[in-house]
Amino acid sequence: ESWSQVALQLAEPQRKGWILADLDLEVFVGWMFGMVYSRLLMDIQDGAVETSAWDDYTRTAVYTVMCGDPQVARRYTTT
C-alpha cells in the first residue's frame, strides 16, 4: 500500500508532463524502492563500499525511466 501512496504523489507531475505519460507509476515506485533498498545494503557496511558510482548509476536509471531522457539525470550526477 505504501507504494500506491507514493505513486499517487507522482500522478500530478505525470499529468503535467514531467513524468512519461505511459509510465505505470505503481510498477515504477516498486522498482525504485528496490533501488533504494539495494543502496541501504551498502550503507550498513560502514563505509566499506564506495557508493558514488552506484549513486550516479541509480540517478541515471531512475530519471531515464521516469522522464525518458538520460540527459535529465546528468544534471544531478556527481561524477
Side-chain angles (χ1 to χ4, degrees):
E1 184 172 309
S2 61
W3 294 358
S4 297
Q5 293 300 316
V6 175
L8 285 173
Q9 296 299 312
L10 294 174
E12 181 63 21
Q14 189 176 43
R15 278 193 291 279
K16 290 181 177 182
W18 301 343
I19 297 173
L20 294 173
D22 62 347
L23 182 63
D24 183 321
L25 294 176
E26 287 197 36
V27 172
F28 170 72
V29 170
W31 172 77
M32 189 176 69
F33 269 82
M35 298 293 275
V36 170
Y37 291 141
S38 65
R39 175 63 160 80
L40 178 66
L41 293 174
M42 288 189 271
D43 287 342
I44 63 176
Q45 295 190 20
D46 295 327
V49 177
E50 167 54 47
T51 60
S52 62
W54 176 254
D55 294 342
D56 289 343
Y57 167 79
T58 303
R59 252 185 242 104
T60 299
V62 168
Y63 284 114
T64 300
V65 170
M66 190 168 60
C67 304
D69 183 0
Q71 296 298 322
V72 173
R74 289 193 179 100
R75 294 182 211 150
Y76 302 100
T77 57
T78 58
T79 57

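A continuous path of Ile, Leu, Val, Met, Phe, Trp and Tyr side chains, each step under 4.5 Å between heavy atoms, connects Tyr57 with Tyr37, placing both in one hydrophobic cluster. The hydrophobic cluster containing Trp31 also contains Val6, counting ILVMFWY residues as joined when their side-chain heavy atoms lie under 4.5 angstrom apart, directly or transitively.
Closest approach of Trp54 and Met35 over heavy atoms only: NE1-O, 4.4 Å. A pairwise comparison of heavy atoms in Gln14 and Leu20 identifies NE2-O, 2.8 Å as the closest pair. Residue Leu41 comes nearest to Ile44 through the heavy atom pair O-CG1, 3.2 Å, listed as atom of the first residue, atom of the second, then distance.
The shortest distance between side-chain heavy atoms of Leu10 and Leu23 does not fall below 4.5 Å. Side-chain contact between Phe28 and Val62: present, with at least one pair of heavy atoms (C-beta onward) separated by less than 4.5 Å.
The CD1 atom of Ile19 sits 10.5 Å away from atom OH of Tyr63, with the distance rounded to the nearest 0.5 Å. One distance of note links CE of Met32 with OG1 of Thr58; it measures 11.5 Å at 0.5 Å rounding. The CE atom of Met66 sits 11.0 Å away from the CH2 atom of Trp18 when rounded to the nearest 0.5 Å.
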